[in-house]
Number of protein chains: 2
Amino acid sequence: MKRVLVVEDEIKIARLVRDYLNQAGFEVLEAADGPSALSLARAERPDMIVLDLGLPGMDGFDVTRRLRATSSVPIIMLTARSEETDRIVGLELGADDYVTKPFSPKELVARIRAVLRRAEATLGGGEVVRSGPLEIDIPKRRVTVDGAEVELTASEFDLLLVLARQPGRIYTRAQLLDAVRGVSFESYERSVDAHIKNLRRKIEADPKRPELVVTVYGVGYKFSDA
Amino acid sequence: MKRVLVVEDEIKIARLVRDYLNQAGFEVLEAADGPSALSLARAERPDMIVLDLGLPGMDGFDVTRRLRATSSVPIIMLTARSEETDRIVGLELGADDYVTKPFSPKELVARIRAVLRRAEATLGGGEVVRSGPLEIDIPKRRVTVDGAEVELTASEFDLLLVLARQPGRIYTRAQLLDAVRGVSFESYERSVDAHIKNLRRKIEADPKRPELVVTVYGVGYKFSDA
DNA sequence: TTCGAATGTGGAGAACTCGTGAAGACATCA
DNA sequence: TGATGTCTTCACGAGTTCTCCACATTCGAA
């Protein structure tokens with residue numbers, strides 16, 4: 001049975017959605033604000049999340065971003081606006097679909113089913129970046145070196161992904177900070193070095209002589225293209 | 001030096017932003033309303049535009065739309081409202097980022113830098129400069145002479161790139177120092193000579209008789225256009 | 001050709017860059 | 001709350017690059 005986390009602060013809507021989903025054969029988890037949504041998502045690993053954008057406190061965009069930092073769970077956004085632009089923003093942030101309020105619960109269920117189908121279909125053939133002994137499964141956020149899985153933190157993964165997507169291309173520390181933290185100000189560029197150090201310890205055969213993530217003196221780092 | 005057009009009708013804010021940007025090393029152009037923003041943008045071709053949404057007369061969305069009709073200059077929107085709608089519409093119209101008032105000037109500068117970096121990264125995709133036997137791969141910062149790769153330091157690369165991008169154009173030592181060090185204050189111009197020396201040793205067939213990087217007696221250096 | 005100024009060049013030390021371990025800040029989860 | 005893991009920041013050492021000087025060479029103008 002598929003489990004859906006519904007994040008919605010308006011009780012009436014939450015109840016409506018829950019009833020419909022139950023009836024449609026889903027198990028429903030509920031959260032009324034951003035922080036509890038995040039911890040529930042982490043604890044329960046639902047198969048999909050329905051997220052209202054207009055939450056009190058932390059807004060839906062932030063929730064999405066932080067979910068995406070560690071997970072590729074499918075997300076459907078609920079938004080009060082009918083602008084068709086939502087789709088673009090949603091997709092940019094990593095949502096899989098959106099539904100505008102007022103919505104018919106029937107439609108919501110249909111979209112949930114569609115997204116779940118798509119997610120399952122994509123499961124096998126997800127986007128994978130390969131480079132040398134490295135394999136990066138983007139939707140699963142999983143990395144293997146010579147077939148052996150290595151555990152990376154969120155930052156390490158983001159860093160590696162940016163670098164490995166364009167081997168040979170050189171990135172400055174500032175660019176890499178952007179990749180890891182969104183926009184970075186008031187921040188110490190050399191924290192990138194620390195991540196690189198940890199990353200190398202995990203993926204390099206000999207971290208003292210890195211062959212995958214290479215330093216470009218005076219400029220930044222690159223993924224080896226040799 | 002990057003040039004930023006600031007479109008803002010509130011004088012106090014405009015001045016604040018201008019001072020901060022100047023201090024951060026940007027050249028600032030200013031406009032207080034939509035029409036003058038459009039004509040300034042067309043005439044001056046700034047590297048980036050910071051646009052207040054709450055302008056009198058023509059509103060910021062219109063300005064964005066009309067800018068986008070002819071140009072892909074990066075745009076950051078300033079908005080007093082934190083409404084989702086504004087962000088969504090703004091991004092939909094082609095803004096690159098937005099900052100909500102009240103904002104910290106530091107953050108604005110950070111976002112400007114990030115957007116410019118992103119713009120440059122997108123532009124430079126696969127950009128290669130060729131000139132005679134020389135080939136310069138900009139994103140990879142790789143240089144080959146007659147197919148053979150040569151290893152350059154960061155400064156040597158920057159110097160060579162500036163020269164080779166416009167063969168025949170003569171650069172003074174001061175200009176070349178800018179290229180290497182950002183802004184040159186209080187610095188010994190003849191260190192350029194030292195870089196040129198090292199550069200020639202690496203890329204010239206006969207460093208005693210330079211054919212690529214040529215001295216222009218009494219003025220500076222140029223890349224050969226013959 | 002001669003002279004003064006501009007440029008070439010080798011080399012020493014200053015300045016910078018990077019890797020690293022460690023400490024504290026911060027977030028997360030039980 | 002405490003335990004755990006991650007991220008940021010700092011300071012030091014090792015290595016690389018840059019700057020700058022002194023002197024040699026070349027250039028251009030009379």
Side-chain angles (χ1 to χ4, degrees), chain A residues 34-45 58 62-63 65-67 69-71 141 150-160 170-174 176-182 184-202 204 206-211 213-222, chain B residues 141 151-160 170-174 176-182 184-202 204 206-211 213-222:
Chain A
S36 39
L38 286 173
S39 64
L40 245 182
R42 266 188 268 271
E44 296 293 332
R45 307 236 149 231
M58 186 190 302
D62 287 332
V63 176
R65 204 171 305 121
R66 301 184 57 177
L67 280 170
T70 58
S71 156
R141 296 182 72 87
V150 291
E151 302 251 327
L152 301 184
T153 68
S155 308
E156 289 157 12
F157 182 89
D158 292 339
L159 216 45
L160 179 59
I170 300 170
Y171 294 88
T172 64
R173 287 179 174 70
L176 294 172
L177 256 191
D178 287 353
V180 171
R181 312 211 327 194
S184 54
F185 59 112
E186 286 224 17
S187 132
Y188 187 53
E189 286 196 349
R190 296 210 49 211
S191 59
V192 170
D193 296 33
H195 289 302
I196 294 281
K197 172 185 56 169
N198 298 327
L199 186 55
R200 281 173 172 163
R201 202 169 49 214
K202 294 178 182 178
E204 295 282 359
D206 178 3
K208 293 278 180 190
R209 276 185 225 345
E211 292 180 333
V213 175
V214 183
T215 304
V216 182
Y217 195 98
V219 186
Y221 296 95
K222 69 173 179 177
Chain B
R141 296 182 71 93
E151 303 248 328
L152 301 185
T153 69
S155 308
E156 288 158 12
F157 182 90
D158 292 339
L159 214 47
L160 179 59
I170 302 169
Y171 293 88
T172 65
R173 287 179 175 70
L176 294 173
L177 255 190
D178 285 356
V180 170
R181 308 209 340 181
S184 62
F185 42 161
E186 182 119 4
S187 174
Y188 186 54
E189 288 195 348
R190 296 214 45 216
S191 57
V192 170
D193 296 30
H195 288 302
I196 295 282
K197 168 189 58 170
N198 297 327
L199 187 54
R200 282 173 171 163
R201 200 167 49 213
K202 294 178 182 177
E204 297 282 358
D206 177 3
K208 293 280 181 188
R209 259 173 249 294
E211 292 180 333
V213 175
V214 183
T215 304
V216 182
Y217 193 94
V219 186
Y221 297 94
K222 68 172 182 176

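Every chain is numbered from 1 and lettered A, B, ... according to where its sequence line falls, protein lines coming before strand lines. Just so it is clear, the values below take in all heavy atoms, side chains as well, and ignore hydrogens, waters and symmetry mates.
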Q: Return the set of residues passing salt bridge (Lys or Arg N to Asp or Glu O under 4.0 Å) with Arg209(B) (not counting sequence neighbours), or none when no residue passes.
A: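 Listed in chain order: Asp206(B).
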
Between N or O atoms, less than 3.5 Å apart, protein on one side and nucleotides 9-12 of chain C on the other: list the pairs.
from: dG10(C); atom 1: N7; to: Lys197(B); atom 2: NZ; distance (Å): 2.7

Please list, chain by chain and in numerical order, all residues satisfying side chain to side chain contact (heavy atoms under 4.5 Å, CB included) with [X], sequence neighbours excluded.
{"X": "Ser39(A)", "answer": "none"}
{"X": "Thr153(B)", "answer": "Ser155(B), Glu156(B), Lys202(B)"}
{"X": "Val219(B)", "answer": "Ile170(B), Val216(B)"}
{"X": "Asp193(A)", "answer": "Arg173(A), Arg190(A), Tyr221(A)"}

(Q) Taking the side chain as everything from C-beta on, heavy atoms only, tell me whether Leu159(B) gets closer than 4.5 Å to Ile196(B). (A)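 Side-chain contact under 4.5 Å: yes.
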
Polar atoms only, N or O, under 3.5 Å: list the protein pairs with nucleotides 27-30 of chain C and their distances.
from: dT28(C); atom 1: OP1; to: Arg66(A); atom 2: NH2; distance (Å): 2.8
from: dC29(C); atom 1: OP1; to: Arg42(A); atom 2: NE; distance (Å): 2.9
from: dC29(C); atom 1: OP2; to: Arg42(A); atom 2: NE; distance (Å): 3.1

Given [options], identify the nucleotide with an atom nearest to the side chain of [X].
{"X": "Arg173(B)", "options": "dC7(D), dT7(C), dT17(D)", "value": "dT7(C)"}
{"X": "Glu156(B)", "options": "dC18(D), dC7(D), dG19(C)", "value": "dC18(D)"}
{"X": "His195(B)", "options": "dT7(C), dT19(D), dC7(D)", "value": "dT19(D)"}

Q | Phosphate-side-chain proximity, Tyr188(B) and dA22(D), N/O vs OP1/OP2 below 4.0 Å | A |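 The answer is no; no side-chain N or O of Tyr188(B) sits under 4.0 Å from OP1 or OP2.
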
[X] has an atom [atom1]; how far is it from atom [atom2] of [N], in whole Å?
{"X": "Glu189(A)", "N": "dT17(C)", "atom1": "CD", "atom2": "P", "result": "10 Å"}
{"X": "Ile196(B)", "N": "dT19(D)", "atom1": "CD1", "atom2": "P", "result": "13 Å"}
{"X": "Lys222(B)", "N": "dT7(C)", "atom1": "NZ", "atom2": "C1'", "result": "17 Å"}

Q: Report the end-to-end axis angle of the helix from dT1(C)-dA30(D) to dA30(C)-dT1(D); each axis comes from five terminal pairs, and the value is rounded to 10°.
A: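 Answer for the end axes of this duplex: 50°.
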
Q. With a non-hydrogen cut-off below 4.0 angstrom, is Val192(B) in contact with a base, only sugar-phosphate, or nothing?
A.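 Nothing, no heavy atom under 4.0 Å.
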
Q: Mind checking Ser191(A) for me? I need base, sugar-phosphate or nothing, with any heavy atom below 4.0 Å counting as a touch.
A: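 The answer is base, as Ser191(A) lies within the cut-off (heavy atoms under 4.0 Å) of a base atom.
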
(Q) Please enumerate all residues that pass side-chain hydrogen bond (donor to acceptor under 3.5 Å, both in side chains) together with Thr215(B), with sequence neighbours excluded. (A)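 Thr215(B) satisfies side-chain hydrogen bond (donor to acceptor under 3.5 Å, both in side chains) with Arg200(B) only.
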
Q: Under the side-chain hydrogen bond (donor to acceptor under 3.5 Å, both in side chains) rule, collect the residues that match up with Lys197(B), sequence neighbours excluded.
A: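 Testing Lys197(B) for side-chain hydrogen bond (donor to acceptor under 3.5 Å, both in side chains), a comparison that skips the adjacent residues, returns none.
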
Pairs: protein N or O with nucleotides 27-30 of chain D N or O, under 3.5 Å:
from: dC27(D); atom 1: O2; to: Tyr217(B); atom 2: OH; distance (Å): 3.2

